[in-house]
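Down below is the structure, laid out as structure tokens.
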Amino acid sequence: MAEKYEDSKIYRLRHSAAHVMAQAVLEKFPEGKVAIGPPIEDGFYYDFDLPRPLTPEDLEEIEARMREIIKNNSPFIREEVSADEARKIFKDQPYKQELIDGLEEGKVDEHGNPVEEKPVISIYKSDEFVDLCRGPHLESTGQINPKAIKLMNVAGAYWRGDEHNPMLQRIYGTAWLSPKDLKQYLWRLEEAKKRDHRKLGRELDLFSVSENVGAGLVLWHPKGAMIRHLVERFWQDEHLKNNYSFVNTPHIGKSDLWKKSGHLGFYAENMYAPIDIEEQQYFLKPMNCPFHIEIYKSDIRSYRDLPMRYAELGTVYRYERSGVMHGLMRVRGFTQDDAHHFCAPSQMPEEIDFVLSFSLHMLRSFGFDEINAYLSTRPEKAVGEPERWHAAEAALEESLKRAGVDYEVDEGGGAFYGPKIDLKVKDAIGREWQLSTIQFDFNEPERFDMTYIEEDGQAYRPYMIHRALLGSIERFFGVLIEHYGGAFPIWLSPVQAKIIPIADRHVDFAKEVAMELKSAGLRVEVDDRSDRMNAKIRDAEKAKIPYMLVVGDREMEAGQVDIRRRSGERLGAMQVEAFKALAVKDVAEKVEG
RNA sequence: GCCGAUGUAGCUCAACGGUAGAGCAAUCGCCUUGUAAGUGAUAGGUUAUGGGUUCGAUUCCCAUCAUCGGCUCCA
């Protein structure tokens, strides 16, 4: 069993580094106010209310001062105090006063998180600095390795994370046990930068976002659109194999529909302003479900029709606040790989089993092997019968167990209309991304009065399950780019092989080879520029094309191609037919090479 | 939306209160090449947009738009 982060030395180290930083900041700005400063993943931060914005030069100064404080090697001394004593000690610190009030009431800890027992109020002293703090800390500042800390950046953050509160300045820092660990962490950041889908999107000419079109609206370039096409084609094939029906629905719908579905009530802030058409108001769709429900309701449904599975690559538009857009990950117009399942209560557990295993199959097909699940259950405020909630939650949990997926339960974390499972994948450098979501909906079937006729001739309410496996095609593409660092598996590569003639006299032969490979469904291009072979190889490498096929006098003579992989590996010369078979096999087996 | 930073050629970046330059890419030549950059020339910019200050603004100021790092929110 791994040690909990909260109990580890590195946690105490980061917490201690936060105190040292706060001291350095207060020395520079004696009138500054301090808020809170906890350890976080990979480091720590501290929030301050300061008279002016901090600059990168300030950070350097603060970091240098931190090293001096560390050198003093002063001990961290813990003291327990009464609330009144604490108030006296922090008399010039309004944020600390607020925290002390909270501690005295006994409902929250010094970070504002709810706690069971009324906490003891403790303070920690080190060098010239005193902080309201639960600890724990290192024994002394000298235990911090001055060469293993680094201040990263400054950012705004609301006091207690509430946007109605004042905006503070948050300094992020990182701290490690050894300089080697710090170096490795910085290397990881560099690596993540290299894989940034926004950078690769430009370099590989996959997509762009134009200021002239609008923020958060993605333009898919030919190579990106090819990958999207391949993803969608695979997605469609798999859905057809699994008894889905495809539906297609429009981009706008009348206001009455959205009133009925409830979206104008609980989702209005994410919807765009209405469009007036012949004195009726229409809204851009933020979701596809009301349309799918209308299709369901276009006829009387029998128990014999169930389960029904409606799938659509449905493009939706959601208003996102201006500061939140991020490449492909967070956009204003996107296509969900959406589907709605309608089933009878008796079919429900089996239907969940299917959706979960189908979801895992889909994610694994794209090279995501590490998948974690999050089960969110009934919140305080919820619609729908409690029995249905329980049955649904049980089905979700049982299904996760059967599938052998690691999961965490988020009690009360479900939406008001139903419990859900979210699946997160780990990418090649260990970052988690949320993709799939499987959610029950107890709201819309009621609002639309959806029914089916049972054997007994009576009308019953079906279960409705809403799911997206890839999430959105845009986000999924972004994750895919970062996961593979732009070097897509062969079946997804927009160009699978680049044919490189050594001299102009080999171009005709190269084109013949290209024709031959294209006839097998391979995506190949001939680099017929009069450049040197070395330059052509360099360009193909930079484009991360899986195979480079060099053809010169020798190959032309023998009807061969000389093969180089993008890894630099040389496979030597082989017959065109042999390469064709090799590449076709790579595609079928989804080889990553 | 909020806090902070940024916006100069297709890309990466210089420079400057007196109307801008490099490398790569592009175009046109020459070279005809054996596994990551051959070579010469040419072209390319109302310095994001709109105001203001100034004799003069791309540079200083304001607003808007967009991007980046975060916060809040989320597929």
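The chains referred to below are lettered A, B, ... by the order of the sequence lines, with proteins before strands, and numbering in each begins at 1.
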Between [options], which nucleotide gets closest to the side-chain atoms of [X]?
X        : options             : result
A:His326 : B:U33, B:G69, B:C65 : B:G69
A:Arg554 : B:G34, B:A26, B:A75 : B:G34
A:Val550 : B:G34, B:A36, B:U67 : B:G34
A:Ala215 : B:A75, B:U33, B:U67 : B:U67
A:Ala503 : B:G34, B:G38, B:U32 : B:U32
A:Asp531 : B:G38, B:A36, B:G69 : B:G38
A:Glu211 : B:G7, B:G69, B:G1   : B:G7

[N] base to [X] side chain: any donor-acceptor pair below 3.5 Å?
X        : N     : answer
A:Gln439 : B:A75 : no
A:Arg321 : B:C2  : no
A:Glu555 : B:G34 : yes
A:Tyr158 : B:G1  : yes

B:G70 base stacked by A:Tyr172 (centroids within less than 5.5 Å, tilt under 30°):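 One would not call A:Tyr172 stacked on the B:G70 base.
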Quick check on [N]: is either OP1 or OP2 less than 4.0 Å from any side-chain nitrogen or oxygen of [X]?
X        : N     : result
A:Arg198 : B:C68 : yes
A:Tyr319 : B:G1  : yes
A:Arg202 : B:U12 : yes
A:Arg318 : B:C73 : no

Taking the six-membered ring for Trp, is the centroid-to-centroid distance between A:His239 and A:Phe358 below 6.0 Å? yes
Is the distance between the ring centroids of A:Phe334 and A:Tyr317 under 6.0 Å?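 Centroid separation for A:Tyr317 and A:Phe334: 6.0 Å or greater.
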How many whole angstroms separate atom CD of A:Glu203 from atom P of B:A25? 14 Å
Separation of B:C71 C1' from A:His164 NE2 (nearest whole Å):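 Those two atoms, NE2 and C1', are 13 Å apart.
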Describe the nucleic acid contact of [X] in one word from base, sugar-phosphate, nothing, applying a heavy-atom distance below 4.0 Å.
X        : value
A:Asp504 : base
A:Val331 : base
A:Ala468 : nothing
A:Arg564 : base

Can you check side-chain contact (heavy atoms from CB on, under 4.5 Å) on A:Lys150 and A:Leu186, steps first, answer last? CA-CA 10 Å; A:Lys150 187 173 164 61; A:Leu186 295 176; 4.0 Å; yes
Flag for A:Tyr547-A:Arg565: side-chain donor and acceptor within less than 3.5 Å: yes
With under 30° as parallel and over 60° as perpendicular, where do the rings of A:His197 and A:His326 fit, or are they tilted in between?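 Judged by the thresholds at 30° and 60°, the geometry between A:His197 and A:His326 is tilted.
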